[in-house]
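What follows is a single structure, written as structure tokens, with notes after it.
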Amino acid sequence: MNADAGFVQIKDLAAHDGRDVSIHGWLFGKRSGGGVAFLQIRDGSGICQCVVESSAEDAFKKASELPHESSLIVRGIVRKDERAIGGYEIAVSSVEIIHIAAEYPITRKAHGIDFLMSHRHLWLRSRRPTAILRIRHTLIKACRDFFDNRGFTLVDTPILVAGAGEDAQTLFPVEYFDRKAFLAQTGQLYLESACLALGKVYCFGPTFRAEKSKTRRHLTEFWMIEPEVAFAELDDVIALAEDMVCYVVEQVLARHQDDLTFLGRDIEALRKVKKPFIRMTYGEVAENLRSAKTKDWLEKEMMRDKEKLQALIDELGRLEKQVDAVKKTAQKDKIQIQIHELKENIEDLEADLHNRPAHIASAQAFEFGGDLGGSDETIISKQFDKPVFVTDYPREAKAFYMKESVQDKRLVRNMDLLAPEGYGEIIGGSQREENLDVLVTRMKEKGLNPEDYDWYLDVRKYGSVPHGGFGLGIERALTWICGLKHVRETIPFPRTMGRIYP
RNA sequence: UCCGGCGUAGCUCAAUGGUAGAGCGCUUGGCUGUUAACCAGGAUGUUACAGGUUCGAGCCCUGUCGCCGGAGCCA
């Protein structure tokens with residue numbers, strides 16, 4: 001596999017039109033006839049059709065016998081052909097088999113989520129995961145470029161920590177020689193001290209939460225990018241988050257039209273993500289949730305969704321009739337997969353509609369003091385087509401380090417960013433309490449022992465300044481940007497409450 | 001932790017308490033432009049596990065396990 005063998009990546013085929021090239025990859029799909037075989041080969045950069053004619057005797061024999069996902073090298077002339085996906089194909093002169101694959105468990109037909117998750121190491125090779133992982137790469141790079149270009153310094157924070165970040169109940173304990181330690185939930189406390197050294201800092205790494213939650217928004221191990229800025233107040237933190245999200249969405253749109261389209265993402269909805277985002281205080285959100293207008297809106301939405309459900313059920317009936325009429329098995333397959341997807345969508349919508357009255361009732365009964373529930377977030381984020389900043393939550397609902405509001409001591413200077421289209425919280429941040437005495441009081445309020453946080457309190461003893469930052473959950477942001485139903489598809493090997501394999 | 005659902009062939013799913021099936025995948029043969037190809041044949045089962053009811057259990061009952069969805073909590 002040396003350079004002079006003329007290896008090219010499939011994505012660059014067009015630039016080699018008419019030339020003799022080699023590609024190496026895996027057999028993604030195959031159709032073979034008596035005298036011609038069509039190999040779909042993927043190499044990680046794309047998928048290419050390779051045509052092997054029986055006149056190329058050795059190549060044809062090998063091609064006909066190869067099972068799916070075998071690895072191989074093919075050599076041939078690149079040529080333009082409208083019948084090939086991508087517009088170019090390779091007229092094969094030779095096939096070199098690297099490895100003959102065993103029977104591959106993942107087919108291009110319908111699979112259930114449990115099966116796919118148990119075969120995640122293989123599922124990664126499919127088109128949907130690769131599309132998502134490419135977007136993940138861009139999102140992470142865009143976040144890092146954004147901070148790097150603004151004079152931030154990357155500061156790596158520890159993953160093994162002695163004490164709780166926020167709530168000890170949700171920490172994973174680990175043995176640390178003869179002591180107990182925990183896996184970090186956030187790098188924030190460390191970043192706060194680092195920002196007094198470097199001014200503007202950020203960290204990017206995995207975080208761990210032992211929350212016993214099994215929902216489409218939760219992982220036990222997820223990645224977070226967290227900036228922290230000295231001399232910043234809440235408005236600065238909000239502006240920073242707004243600019244970052246706009247930049248990230250812009251970068252993904254610029255590079256991944258094809259991937260987003262493959263995922264079925266409504267790209268127009270993403271294009272609307274431009275400054276300024278919506279800003280509401282917690283008080284305004286509470287009022288909104290309780291209002292007659294919102295109730296009316298929700299009830300109308302529920303009616304619309306009921307109609308949508310009926311339309312889906314009608315569609316299902318239509319397809320089920322059609323499937324009996326169709327003879328060709330490929331078409332039948334296609335319809336059966338549509339039926340499968342439709343059934344899933346119907347189940348989801350039914351479950352959603354079933355929960356809806358309770359959500360409406362809980363929104364109407366929303367009381368000052370509580371944190372926003374998942375359903376409340378969904379309600380707010382469905383009402384707008386741009387992300388929504390919610391600020392100034394009640395202090396009892398939020399962490400000890402958030403700065404107390406000057407105007408209203410019941411509130412803290414924090415913000416959550418809710419992604420639109422019902423996706424909900426992707427960012428949580430705040431201005432931090434820089435006053436030592438207030439901070440200690442707040443810790444005691446939360447039942448924490450200030451002595452455990454001596455080093456952290458030192459940040460307030462030696463040149464304390466206003467500062468603040470936020471954390472962006474990479475997987476939640478990706479779920480929204482890719483338009484997915486569940487966070488588990490946005491990370492290569494998801495860790496959820498019920499799964500740690502593979 | 002709580003509430004609900006599911007568990008049948010490698011996969012996706014059928015099967016009034018009465019002979020365990022279909023499609024795909026795999027395999028054999030055919031076909032020189034296929035687009036999740038097509039045509040003809042073939043192999044494939046501890047019905048999650050352990051008890052119970054019954055002449056008879058994939059189906060009913062009890063328990064266990066696994067997974068899925070939701071609540072609380074959170075990014």
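This structure is a prediction, so every number in the text was calculated from the model and none was measured. Just so we're on the same page: letters track the sequence lines, and every chain starts at 1.
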Kindly confirm or rule out a cation-pi arrangement of A:K398 over A:Y393, judged by NZ or CZ under 6.0 Å from the six-membered ring centre and within 45° of its axis?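 Yes, A:K398 lies over the aromatic ring of A:Y393.
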
Over how many whole Å does the gap from [X] atom [atom1] to [N] atom [atom2] extend?
{"X": "A:Q49", "N": "B:rU34", "atom1": "CD", "atom2": "C1'", "value": "7 Å"}
{"X": "A:E103", "N": "B:rA43", "atom1": "CD", "atom2": "C1'", "value": "12 Å"}
{"X": "A:K212", "N": "B:rC68", "atom1": "NZ", "atom2": "P", "value": "16 Å"}
{"X": "A:L219", "N": "B:rC68", "atom1": "CG", "atom2": "P", "value": "12 Å"}
{"X": "A:I113", "N": "B:rG7", "atom1": "CD1", "atom2": "C1'", "value": "16 Å"}
{"X": "A:R216", "N": "B:rG70", "atom1": "CZ", "atom2": "C1'", "value": "9 Å"}
{"X": "A:Q185", "N": "B:rC73", "atom1": "CD", "atom2": "C1'", "value": "11 Å"}
{"X": "A:E53", "N": "B:rU34", "atom1": "CD", "atom2": "P", "value": "13 Å"}

Consider the side chain of [X], meaning its heavy atoms from C-beta on, and name the nucleotide among [options] that approaches it most closely.
{"X": "A:T107", "options": "B:rA75, B:rU1, B:rG25", "value": "B:rG25"}
{"X": "A:V36", "options": "B:rA75, B:rU32, B:rU1", "value": "B:rU32"}
{"X": "A:F38", "options": "B:rC67, B:rG33, B:rA71", "value": "B:rG33"}
{"X": "A:R79", "options": "B:rU32, B:rG33, B:rA71", "value": "B:rG33"}
{"X": "A:K214", "options": "B:rC68, B:rA75, B:rC67", "value": "B:rC68"}
{"X": "A:T215", "options": "B:rC67, B:rU1, B:rG70", "value": "B:rG70"}
{"X": "A:F115", "options": "B:rG10, B:rC73, B:rC74", "value": "B:rG10"}

I'd like to know if the side chain of [X] reaches the main chain of [Y], judged simply by a donor and an acceptor atom lying under 3.5 Å from each other, with no hydrogens or angles considered.
{"X": "A:K200", "Y": "A:C195", "value": "no"}
{"X": "A:S45", "Y": "A:I10", "value": "yes"}
{"X": "A:R209", "Y": "A:L219", "value": "no"}

With [atom1] as the reference atom in both, quote the distance from [N] to [M] in angstrom, rounded to an integer.
{"N": "B:rC68", "M": "B:rA50", "atom1": "C1'", "answer": "24 Å"}
{"N": "B:rC59", "M": "B:rC49", "atom1": "P", "answer": "11 Å"}
{"N": "B:rU44", "M": "B:rA22", "atom1": "P", "answer": "12 Å"}
{"N": "B:rA48", "M": "B:rG58", "atom1": "C1'", "answer": "12 Å"}
{"N": "B:rA14", "M": "B:rG23", "atom1": "C1'", "answer": "11 Å"}
{"N": "B:rG70", "M": "B:rU28", "atom1": "C1'", "answer": "49 Å"}
{"N": "B:rC61", "M": "B:rU46", "atom1": "P", "answer": "25 Å"}
{"N": "B:rC3", "M": "B:rU62", "atom1": "P", "answer": "15 Å"}

Base of [N] paired with side chain of [X] (donor-acceptor, under 3.5 Å):
{"X": "A:R31", "N": "B:rC31", "answer": "no"}
{"X": "A:H218", "N": "B:rC74", "answer": "yes"}
{"X": "A:R488", "N": "B:rG69", "answer": "no"}
{"X": "A:E82", "N": "B:rG33", "answer": "no"}

A:S54 or A:H111, whichever maps to the more 5' nucleotide of RNA chain B: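 Here A:H111 is the residue nearer the 5' end.
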
Where each residue is assigned the nucleotide of RNA chain B containing its nearest heavy atom, which of A:G112 and A:K30 is assigned the position nearer the 5′ end? A:G112

OP1 or OP2 of [N] versus the side-chain N and O atoms of [X]: is any pair under 4.0 Å?
{"X": "A:H486", "N": "B:rG69", "value": "yes"}
{"X": "A:H68", "N": "B:rC26", "value": "yes"}
{"X": "A:R499", "N": "B:rC67", "value": "no"}

Which residues satisfy the side-chain contact (heavy atoms from CB on, under 4.5 Å) test with A:E377, sequence neighbours excluded? A:L372, A:L418, A:E425

Would you call A:R432 and A:E228 a salt bridge, using N to O less than 4.0 angstrom?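 Salt bridge present between A:R432 and A:E228.
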
Kindly assign one of parallel, tilted or perpendicular to the pair A:H119 and A:F115, based on the angle between their ring planes and the thresholds 30° and 60°. tilted

